[in-house]
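Residues: numbered from 1 along the sequence shown. What you see is a predicted model; the values in this text were computed from it and never measured.
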Amino acid sequence: MFRLCKLSYSTVTTALKRFKIKDVVNGEAVSQNGWIQGWVQSIRKHKNFMFVDIVDGTSLNPLQVVLPSHMFNSQLQNGAAVSANGTFVETDLNVNKIEMVCEEIQVVGPCDPETYPFLKHTPHDMQHLRSYPHLRMRRTSMINAFKLRNQLEMLFHEFFQNEGFTHVHTPIITLSDCEGAGELFSIKSDTSTNTDMENSENHFFNKPAYLTVSGQMHLEACAMSLGSVYTLSPVFRAEHGISRKHLSEFRMLEVEVAFTQDLHEILDLIEDSIKFCIERVQSVPLKKFDDGYKDIPPQHHKAVKNATCSNYVRIPYSEALEILQKNSHKLTTAAPVWGDDFNTDQESFLVKHFGLTPVFIINFPKVAKPFYMYANNDNNTVAAVDLIFPFCGEICGGSLREHRLELLQDSLRTSGLNEKDYEWYLDLRRFGSAPHGGYGLGFDRLVHFLLGTRNIKDAVPFPRTPHSCPL
Ligand SMILES: NC(=O)C[C@H](N)C(=O)O
């Protein structure tokens, strides 16, 4: 009955129905004959049988394929691409309650166990996996991260589409430094041989161009005709400091809403959209895998629960400052003074102070924030918001935008920026300017939070950080 498949690939495929492992484990194939394709995740040899776990990317749980020991073939190794056919039967012996009794198995692409970096059953820490950025996605921990990202992105679309927003594509190449913070990657064309960059003709776009740090301004332009818009795009920051939660390239969900004059409307939108997504992705088992997440923070479960069910704390900057100053002896850095942006240590103190519930801090000092934020009546603060999450710090930042032309011009000048560079942005205020506001949410930080990884690099497919862009 059992034999190692010597048939050609097409002979196997034409004779039988092909199943995806997700459908098999959901019980759709019970008692049927069929075939599957995937990669060997592990092999357990017993006296008379061997169990081969196969994954195909459609399910986190592998399909257990049972075959007699004599079918062992030296090419049937961990990591090999295989095609197997047989009967799907019910069993109590594994987590899926379904397994395949295999009749034929074919190694489509062998995987040399001598040189393959992930040995079967050997736990690998995340750092080891990071040295193989092109192969690490074969480990369950990384497949889980990919699946979570995929679900989250779809859910954000679902939420904003339900709310009547339009998804727009903001540009990656831009001439303006949205945040005015100067953390830009500049773009140079390889076809230009002349290095005299003072001469505008030597620039590909006749002007210096950069990778975008934020799609906000372009999104504001779109909001002035479409009303409510969002984008989920890559953004780039040339920050040199290395931390476990910073990336040089990351995805930001950016949202912009016209005709809002109440910062709390923006806070509601942030909170509702995050909760909508987290509630639904919890069906993805965020379990501890052999090679990952061994050091998930102990209170991770509580923090995720709070982010899903609790009302997020809302406090003004002045109150947050007071809490930090009163507790300065518990901080590892000096207490902040009025005008400072809070550092990681201070943010983490605040979320702990509120029992690991996400904290919105609003109404920041004008001096701590970019020029485009709406000036409050006190003339000292702006209608800005930062959302702080446990373990990963600032996950979201936004504001009401300054929609009054003269005040925006004043603000540009006091920030030392050149008004001429922002003419098009000022036009948005010259023609049909409406009060509006928006925010940017670090998509990768949210994934990092949900997974509980120690380092954000383990939550993104191909992380880029200073001095590290391996492929
Ligand atoms: N769209 C936003 O409000 C995000 C903001 N420009 C930032 O980069 O933090």
Original post:
Where do Q216 and E254 come nearest, in terms of heavy atoms and distance?
Top reply: N-OE1, 3.5 Å

Original post:
Among side-chain atoms of E163 and Y230, is any donor-acceptor pair under 3.5 angstrom?
Top reply: no

Original post:
Where is the tightest heavy-atom contact between H300 and L450, given as atom of each residue plus distance?
Top reply: CE1-O, 3.1 Å

Original post:
With the threshold set at 4.0 Å, does a side-chain nitrogen-carboxylate oxygen contact exist between D272 and K275?
Top reply: no

Original post:
Do K147 and N144 have side-chain N/O donor and acceptor atoms under 3.5 Å apart?
Top reply: no

Subject >> Parallel, tilted or perpendicular: ring planes of H134 versus Y132, cut at 30 and 60 degrees >> reply: tilted

Original post:
Are F156 and F276 near enough that their ring centres are under 6.0 Å apart?
Top reply: no

**OP:** Classify the angle between the aromatic ring planes of F371 and Y422 as parallel (below 30°), tilted (30 to 60°) or perpendicular (above 60°).
**Re:** perpendicular

**OP:** Examine R445 relative to F443 and say whether NZ or CZ is less than 6.0 Å from the centre of the six-membered ring and inside a 45° cone about the ring axis.
**Re:** no

**OP:** Using only heavy-atom distances, determine whether the side chains of S415 and R413 contain a donor-acceptor pair under 3.5 Å.
**Re:** no

Subject >> Flag for T58-D56: side-chain donor and acceptor within less than 3.5 Å >> reply: yes

Original post:
Can the ring centroids of F250 and H246 be said to lie less than 6.0 angstrom from one another?
Top reply: no

**OP:** Kindly indicate, with the supporting measurements, whether the criterion side chain to side chain contact (heavy atoms under 4.5 Å, CB included) is fulfilled by I21 and I54.
**Re:** CA-CA 9 Å; I21 290 179; I54 298 178; 4.0 Å; yes

**OP:** Decide yes or no on side chain to side chain contact (heavy atoms under 4.5 Å, CB included) for Y372 and S399, but give the supporting numbers first.
**Re:** CA-CA 9 Å; Y372 53 71; S399 71; 4.1 Å; yes

Original post:
In this structure, which one of V229, L226, V255 forms a side-chain contact (heavy atoms from CB on, under 4.5 Å) with L219?
Top reply: V229

Subject >> For the student: nearest non-hydrogen atoms of P463 and L247, plus distance >> reply: CB-CD2, 3.9 Å

**OP:** For the pair H157 and H167, name the ring-plane relationship: parallel under 30°, tilted 30 to 60°, perpendicular over 60°.
**Re:** perpendicular

**OP:** Establish, from distance only, whether the side-chain atoms of T140 and Q41 form a donor-acceptor pair under 3.5 Å.
**Re:** yes

**OP:** Please work out which of the three classes, parallel, tilted or perpendicular, describes the rings of Y374 and H403, given edges at 30° and 60°.
**Re:** parallel

Subject >> Note: E271-R314 ion pair, threshold 4.0 Å (strictly below) >> reply: yes

Original post:
Nearest heavy-atom pair of L408 and E402: which atoms, and what distance?
Top reply: N-CG, 3.8 Å

Original post:
Hey, what's the ring geometry for H128 with F118, parallel, tilted or perpendicular (30° and 60° as the breaks)?
Top reply: perpendicular

Subject >> P234 versus R251, closest heavy-atom pair with distance >> reply: CD-NH1, 3.7 Å

